[in-house]
Every structure is written in C-alpha cells, then in structure tokens.
Amino acid sequence: VSMAAHTCNLSASGQRNQPGQHGDPHLQNIKPVFVSFFQRNVGSSQFKTIEDDLVSALVRSGCIPENHGEDMRKMSFQRCARTDKGVSAAGQVVSLKVWLIDDILEKINSHLPSHIRILGLKRVTGGFNSKNRCDARTYCYLLPTFAFAHKDRDVQDETYRLSAETLQQVNRLLACYKGTHNFHNFTSQKGPQEPSARRYILEMYCEEPFVREGLEFAVIRVKGQSFMMHQIRKMVGLVVAIVKGYAPESVLERSWGTEKVDVPKAPGLGLVLERVHFEKYNQRFGNDGLHEPLDWVQEEGKVAAFKEEHIYPTIIGTERDERSMAQWLSTLPVHNFSATALTAAGTGAKVPSPLGGSEGDGDTD
C-alpha cells in the first residue's frame with residue numbers, strides 16, 4: 001500500500017495480511033505517507049535521524065519485516081524532499097512498501113517520539129516515487145521582525161514592530177525572485193554556467209506579523225519546483241540585508257548574473273518544509289476512481305496543530321535562548337555587496353560563518 005504521512009510522507013507497498021513468522025511475503029502495493037516532525041539536532045552522527053526513528057516504528061508496529069528496516073531499498077523507501085540538520089517539516093512525504101495492518105497510523109505513531117507524527121497515508125500507483133513525482137515544494141521561514149529594522153537600530157530591538165510600509169517593501173523584493181533565475185550565488189560549489197543552477201520560483205511572500213511572548217514574528221513562504229543547498233536561507237538573507245540598508249536593491253539583479261556576489265545566509269533555525277506538491281500526478285490519477293489525490297486537505301487541521309504545538313514554540317524558544325538571528329544580523333556589516341569593491345580587492349577573503357550548525361535547507365537535485 002502507498003501511504004502519505006505528515007511531517008514525513010511515505011509511499012508504502014503492502015498487503016492486508018499480517019506478516020507471518022517464516023520468510024517475508026512479497027510486498028506489492030505502494031503508499032505515500034504524510035509526516036510532520038520537528039528537528040533540532042546538530043548534525044552529529046551520535047544523534048538518530050528522523051528516518052531512524054520512523055523505520056524503527058514501522059518495524060515495531062509490524063508494518064514491515066525487520067530485515068527491511070536494515071536495508072531500506074527492500075521497501076522502496078524514498079523521501080520526497082531533503083531536510084538537512086536543524087530544518088523541520090510540517091508536511092514531508094515519503095513512499096514505501098508496507099503491510100496494511102489494522103489501525104496502522106495509531107500503531108506507528110505509538111512507537112514514535114512526540115516530535116514526529118505520521119498524519120496520513122494514501123494509496124498510489126505502482127512504482128510511485130515520492131521524489132520524482134513531486135512538482136514543487138513549499139517552505140516557510142519564521143523570523144523575528146526586528147530582522148527588518150534599519151541597521152541604525154539596536155540589532156535585537158524587541159520593541160520593533162513591522163510597519164505596513166516595510167512589509168510592502170519586503171514583499172516587493174521577495175516577488176523579484178518569482179520566475180526562473182540563475183541561483184549559482186545562492187548555493188555552494190555551483191558555477192554560473194551550470195544548468196542545474198537555474199531554478200523556477202512560483203511565489204514568495206511575507207505574511208502579516210504576529211506577537212508571541214512579547215516578540216513580533218513573521219512567516220515568509222516560498223514555493224518552487226526545487227531548491228539547492230542553502231538557497232532559501234540566502235534568498236531570505238539578501239532581502240534582509242537590503243531592507244536593513246546594508247545592500248542596494250540592484251544587488252538582486254546582479255546576483256543572478258555571471259559574477260560572484262557575496263550573498264549572506266540567514267540562520268537555519270526558522271526554516272520549515274511546509275508542503276510538497278503532486279499537481280501533475282493529481283491531474284492524471286487523482287480522479288481516476290482508483291487513487292486519491294495527494295493533497296492532504298483533510299490533514300490541514302492536524303498540520304496546523306502540530307506547528308502550533310511543536311514547531312513554532314520550539315523555534316521561538318530557541319531564538320530567545322540562542323539569539324541566532326541577532327548573532328547573524330551582527331555579521332552583516334562584514335559582507336561586501338559592492339561588485340567593484342569585490343573585483344578590486346581580489347583577495348578572496350572569506351566572510352566568516354556565524355553559525356556553524358544548521359547547514360542546509362533544500363534539495364540538492
């Protein structure tokens with residue numbers, strides 16, 4: 001059976017029968033699973049991954065044979081989108097083959113820690129691959145609005161409130177990312193001539209701010225076909241640098257050109273994989289009478305509750321404790337946004353990274 005789970009969406013194949021004691025019956029059907037998780041590890045091998053916990057729960061609940069847990073290829077396991085260390089997900093999807101046992105969601109979730117939840121599962125076509133079938137991904141980035149305060153103000157002015165005019169400026173700049181651009185300056189180890197550096201952004205905007213624990217926050221949403229390592233964090237970082245007055249607006253257009261532009265990378269803490277999209281799949285199979293559309297509309301309430309209970313409070317609490325945004329903002333004066341200055345300097349001086357952890361955000365395909 002194919003399943004979809006929130007925070008983690010899985011595609012699974014399986015039979016209605018429970019596994020026997022002898023041998024492993026052939027698993028035939030695939031399901032996508034919709035999974036939600038909050039991830040706050042430091043990328044060290046001593047910490048278990050989300051997938052480690054998920055596979056363990058699948059084995060313990062009797063959904064897959066134990067030897068499939070040791071070799072994930074046997075269950076055709078495929079995640080829809082990568083989330084690197086420090087990045088959470090409210091709507092990840094994975095595909096794999098499982099036995100369709102009774103009360104499958106409840107049994108799997110009973111073996112998962114509270115910060116990981118499978119929110120749904122759906123039957124999909126044979127040979128379904130959640131990564132290859134995905135048309136687009138939506139990420140959100142939660143940040144304190146003092147990030148948009150002018151550089152002359154205190155770096156962490158908790159009394160700052162985002163004005164309508166500044167929000168309008170932020171959204172005008174974010175809208176510039178829409179369309180196809182060469183994002184070689186927004187990732188690492190990609191040159192301007194590489195075709196894979198060209199990415200298509202469908203939308204990017206900042207929502208109205210809200211106050212939590214006396215501190216104002218806002219959510220930036222971006223939907224694109226796919227993203228490269230660090231791309232979203234750099235997209236956010238450059239707009240913050242412009243709004244604060246460190247960089248001219250012209251640097252946006254220049255960053256998509258062939259020259260090397262110094263693009264700052266915002267902290268990874270606030271980044272969340274919010275949704276993965278299967279629009280072409282749904283058009284072809286969603287209404288064929290055999291398969292359900294992969295849209296997770298019925299799980300919207302669970303997703304919102306998971307974000308409110310686990311993701312947002314942890315991001316906000318961690319921001320208060322670790323001051324990751326304020327620390328990063330204090331490094332912006334070190335960046336050089338002048339093309340002529342960079343060319344003239346010719347020193348290749350590297351801007352120090354203020355936050356060694358939380359390395360990446362999107363896919364690397």
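Heavy-atom basis, side chains included; hydrogens, waters and symmetry copies ignored.
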Exercise. What distance do Leu273 atom CG and Ser88 atom OG have between them, rounded to the nearest 0.5 Å?
Worked result: 10.0 Å
Exercise. Judged by modelled atom types alone, do Thr138 and His277 share a side-chain donor-acceptor pair under 3.5 Å?
Worked result: yes
Problem set entry | Euclidean distance, Asp53 CG relative to Leu112 CG, rounded to 0.5 Å | 7.0 Å
Exercise. Is there a donor in the side chain of Ser226 and an acceptor in the side chain of Arg199, or the other way round, less than 3.5 Å apart?
Worked result: yes
For this session: Please examine the side chains of Leu142 and Ile316, heavy atoms only from C-beta on, and report whether any two atoms are closer than 4.5 Å.
Result: yes
For this session: List the atom of Thr166, the atom of Leu162, and the distance in Å for their closest heavy-atom pair.
Result: CG2-CD1, 3.5 Å
For this session: With sequence neighbours excluded, tell me which residues meet side chain to side chain donor-acceptor pair (under 3.5 Å) with Arg153.
Result: Asp157
Problem set entry | Between OG1 on residue Thr314 and CD on residue Glu319, distance to nearest 0.5 Å | 13.0 Å
For this session: List the steps, then state whether side-chain contact (heavy atoms from CB on, under 4.5 Å) holds for Met204 with Ile220.
Result: CA-CA 7 Å; Met204 191 168 188; Ile220 293 174; 3.9 Å; yes
Exercise. Around Lys280, counting heavy atoms of other residues, nucleotides and ligands shown, do more than 12 lie under 6.0 Å from its NZ?
Worked result: no
Exercise. With sequence neighbours excluded, what pairs up with Asp321 under the side chain to side chain donor-acceptor pair (under 3.5 Å) test?
Worked result: none
Exercise. Is it the case that more than 12 heavy atoms not belonging to Gln189 sit under 6.0 Å from its CD atom?
Worked result: no
Problem set entry | Aromatic plane relationship, Phe227 with Tyr139 - under 30° parallel, 30 to 60° tilted, over 60° perpendicular | perpendicular
Exercise. Say you draw a straight line from CD of Gln231 to NZ of Lys265; how long is it, rounded to the nearest 0.5 Å?
Worked result: 13.5 Å
For this session: For Thr187 and Lys234, test the side chains for any donor-to-acceptor distance below 3.5 angstrom and give the result as yes or no.
Result: no
Problem set entry | Derivation and outcome, ring pair (Phe, Tyr, Trp, His ring centres under 6.0 Å), residues Tyr281 and Phe128 | CA-CA 10 Å; Tyr281 173 89; Phe128 179 89; 5.3 Å; yes
Problem set entry | Lys/Arg N to Asp/Glu carboxylate O, Glu309 vs Lys302, below 4.0 Å | no
For this session: Decide side-chain contact (heavy atoms from CB on, under 4.5 Å) for Gln78 and Ser130; before the verdict, give the C-alpha distance in whole Å, the side-chain angles of both, and the deciding distance to 0.1 Å.
Result: CA-CA 6 Å; Gln78 180 63 59; Ser130 58; 3.8 Å; yes
Exercise. Would you call Cys63 and Ile108 a side-chain contact if the rule is heavy atoms closer than 4.5 Å?
Worked result: yes
Exercise. Between Tyr160 and Phe148, is the ring centre distance below 6.0 Å?
Worked result: no
For this session: Could you check if a side-chain atom of Arg161 sits within less than 4.5 angstrom of a side-chain atom of Thr145, using non-hydrogen atoms only?
Result: no
Problem set entry | CD (Gln298) with more than 12 external heavy atoms under 6.0 Å | no
Exercise. Does a sphere of radius 6.0 Å around CD in Glu300 hold more than 12 heavy atoms from other residues, nucleotides or ligands, not counting ones at 6.0 Å or beyond?
Worked result: yes
Exercise. For residues 217-227, which residue pairs qualify under salt bridge (charged side-chain N to carboxylate O under 4.0 Å, His left out), counting only residues two or more places apart or in two chains?
Worked result: Glu207-Arg221, Arg221-Glu274, Lys223-Glu279
For this session: Examine distances only and state if a side-chain atom of Asn171 and a backbone atom of Tyr205 form a donor-acceptor pair shorter than 3.5 Å.
Result: no
Problem set entry | Sequence-distant partners of His291, side chain to side chain donor-acceptor pair (under 3.5 Å), two or more places apart | Asp288
For this session: Write down the atom of Trp328, the atom of Gly237, and the distance for their closest heavy-atom approach.
Result: CH2-CA, 3.7 Å
Problem set entry | Closest non-hydrogen atom pair between Ile101 and Ser61, with its separation | CD1-O, 3.2 Å
Problem set entry | side chain to side chain donor-acceptor pair (under 3.5 Å) partners for Thr258, two or more places apart | none
Problem set entry | Separation between CZ of Arg323 and CG of Leu269, rounded to the nearest 0.5 Å | 13.5 Å
Exercise. Does a side-chain heavy-atom distance below 4.5 Å link Tyr177 with Phe186?
Worked result: yes
Exercise. What pairs meet the side chain to side chain donor-acceptor pair (under 3.5 Å) rule with one or both residues in residues 237-253, with sequence neighbours excluded?
Worked result: Arg172-Glu249
Exercise. Would a 4.5 Å heavy-atom cut-off, applied to side chains only, mark Ser56 and His111 as touching?
Worked result: no
Problem set entry | Pairwise distance CG(Asn185) to CG(Leu252) - rounded to 0.5 angstrom | 11.5 Å
